[in-house]
Amino acid sequence: MTSKLHSWFVPANINSHANLRLFCFPYAGGGASIYREWQKHFPKNIEVCAVQLPGRESRGLESPIHSLDQIVNAIAEEIQPLLAMPFAFFGHSMGALIAFETARQLTRKYKRIPDHLFVSGRSAPHLTHRYRKLHLLPDDELKNELRQLNGTPDAVLQNNELMDLLLPRLRADFEVCETYTYSVDMPIHCPITAYGGLDDHAVSMESLAAWKEHTSYHADLKMFEGDHFFLHNEQQKLAQDVGSMLQTAKALQSVSVR
């Protein structure tokens, strides 16, 4: 069980001395390494656990999953040993969608609710999307789309051998997003904070603000400089904002218990 657990969550220290875990979900095509530097921006009482999906980095020999439901069901099952302490979710783009649906699944099946849901670079899930079906495009067209998205370095796009390895993962992730269908359910009983990039032309402030419809608590919207991948250039500011909100919430809970 230990090896399997550690394959999904990096790192995953069941005996951690932290008092809160922040699970971070990657964007399409990304792996746990996206969040490699995040821990240094958080106090020691918050443990950052990045989610490693099949088919990338340390799990590169595994087949990627093409269905959001399958991803969510697997995570909800595997995450159980790590929920002995309070926890929160952060997800960017596709990761925001996975974090949201995993939070709903944990609530439905196990009555477990994250302390906070942070969603980044993703429109609210109930909004209709008219994106092109990128996962069905021929390789050359898909590479052109990736170039436009500005999330894949040109050096990688021009490396045919590397792209042969990456394209199946990317197609699977695009399929996860493009075949997703929102189903109406009760709002999540925790705060939601939505983050966006001021130059992200695919995700508007209005579509980010609409996340407020999915919480029975309060919702916040915060914008950063940059395009869809602002979380890289603004990593420190973003991580520190998340940490500050989690620390404030823990302090308020401590006061209320006394």
Side-chain angles (χ1 to χ4, degrees), residues 1-2 4-26 32 35 38-39 42-43 45-54 65 67-92 94-120 122 124-126 176 180 182-195 211-220 242-243 245-257:
M1 179 65 183
T2 300
K4 190 175 182 182
L5 175 67
H6 280 257
S7 70
W8 277 93
F9 308 102
V10 183
N13 182 5
I14 294 178
N15 299 315
S16 171
H17 295 295
N19 58 21
L20 187 145
R21 283 194 174 96
L22 175 65
F23 294 95
C24 296
F25 298 76
Y35 302 105
W38 273 47
Q39 185 65 66
F42 287 84
N45 68 300
I46 297 177
E47 182 182 67
V48 176
C49 287
V51 177
Q52 188 76 288
L53 300 177
I65 301 177
S67 162
L68 184 69
D69 286 344
Q70 291 180 24
I71 292 175
V72 168
N73 288 335
I75 292 175
E77 184 68 26
E78 297 294 336
I79 205 172
Q80 290 299 309
L82 295 173
L83 301 185
M85 66 176 69
F87 63 97
F89 285 167
F90 175 95
H92 182 79
M94 179 186 77
L97 195 58
I98 298 174
F100 169 70
E101 288 294 348
T102 301
R104 296 213 296 178
Q105 180 77 328
L106 290 176
T107 301
R108 285 190 296 260
K109 292 191 66 174
Y110 306 111
K111 309 300 181 186
R112 300 302 308 273
I113 304 170
D115 280 17
H116 205 119
L117 174 62
F118 299 93
V119 290
S120 173
R122 174 77 194 193
H126 66 282
V176 164
Y180 169 73
Y182 171 74
S183 60
V184 178
D185 203 343
M186 296 293 291
I188 298 175
H189 200 55
C190 75
I192 293 179
T193 298
Y195 296 108
W211 277 97
K212 66 183 179 183
E213 300 184 27
H214 297 282
T215 175
S216 57
Y217 272 51
H218 64 272
D220 295 309
V242 171
M245 296 186 72
L246 291 174
Q247 288 288 81
T248 299
K250 294 296 290 182
L252 290 175
Q253 290 175 7
S254 177
V255 170
S256 65
V257 169

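Worth saying up front: this structure is predicted, and the values here are computed from it rather than measured.
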State the [atom1]-[atom2] distance between [X] and [Y], to the nearest 0.5 angstrom.
| X | Y | atom1 | atom2 | result |
| --- | --- | --- | --- | --- |
| I75 | E101 | CD1 | CD | 11.5 Å |
| Q52 | W8 | CD | CH2 | 10.0 Å |
| C49 | F25 | SG | CZ | 10.5 Å |

Whether the side chain of [X] engages the backbone of [Y] through a donor-acceptor N/O pair (distance < 3.5 Å, no angle test) should be reported.
| X | Y | result |
| --- | --- | --- |
| Q105 | V72 | no |
| W211 | R122 | yes |
| Y35 | V10 | no |

Partners of H126 by side chain to side chain contact (heavy atoms under 4.5 Å, CB included), sequence neighbours excluded?
A124, Y182, A210, E213, H214
Using side chain to side chain contact (heavy atoms under 4.5 Å, CB included) as the criterion, list what pairs up with V242, not counting sequence neighbours.
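V242: side chain to side chain contact (heavy atoms under 4.5 Å, CB included) contacts with L22, F42, F90, F118, Y195, L246.
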Residue pair S67, V176: steps toward the side chain to side chain contact (heavy atoms under 4.5 Å, CB included) verdict:
CA-CA 5 Å; S67 162; V176 164; 5.8 Å; no
Should the heavy atoms of other residues, nucleotides or ligands under 6.0 Å from NE2 of H218 be counted, would the total exceed 12?
yes
Can you check whether [X] reaches [Y] side chain to side chain, under 4.5 Å on heavy atoms?
| X | Y | answer |
| --- | --- | --- |
| T215 | H116 | no |
| L53 | I65 | no |
| Y110 | I79 | no |
| M85 | N19 | no |
| Y217 | P187 | no |
| I98 | L68 | yes |
| I188 | S216 | no |
| R104 | R108 | yes |

Checking side chain to side chain contact (heavy atoms under 4.5 Å, CB included) for the pair L106/L83: CA distance, chi angles, key distance, verdict?
CA-CA 10 Å; L106 290 176; L83 301 185; 4.2 Å; yes
For [X] and [Y], work out which heavy atoms get closest and say how close.
| X | Y | value |
| --- | --- | --- |
| P114 | A88 | CB-CA, 4.2 Å |
| Q247 | I46 | OE1-CD1, 3.9 Å |
| I113 | C190 | CG2-CB, 4.0 Å |
| P191 | D115 | CD-O, 3.2 Å |

Tell me if the aromatic rings of F87 and F89 count as close, with their centers under 6.0 Å from one another.
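Ring centroids of F87 and F89 are less than 6.0 Å from each other.
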Among pairs that include at least one residue of residues 13-26, which meet salt bridge (Lys or Arg N to Asp or Glu O under 4.0 Å), considering only residues two or more places apart or in two chains?
R21-E47
Pair D220-K212, salt bridge (charged side-chain N to carboxylate O under 4.0 Å, His left out): steps then yes or no
CA-CA 8 Å; D220 295 309; K212 66 183 179 183; over 6 Å; no
For the residue pair T107 / H189, report whether a side-chain donor-acceptor contact shorter than 3.5 Å exists.
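No pair is found: no donor N or O on one side chain lies under 3.5 Å from an acceptor on the other.
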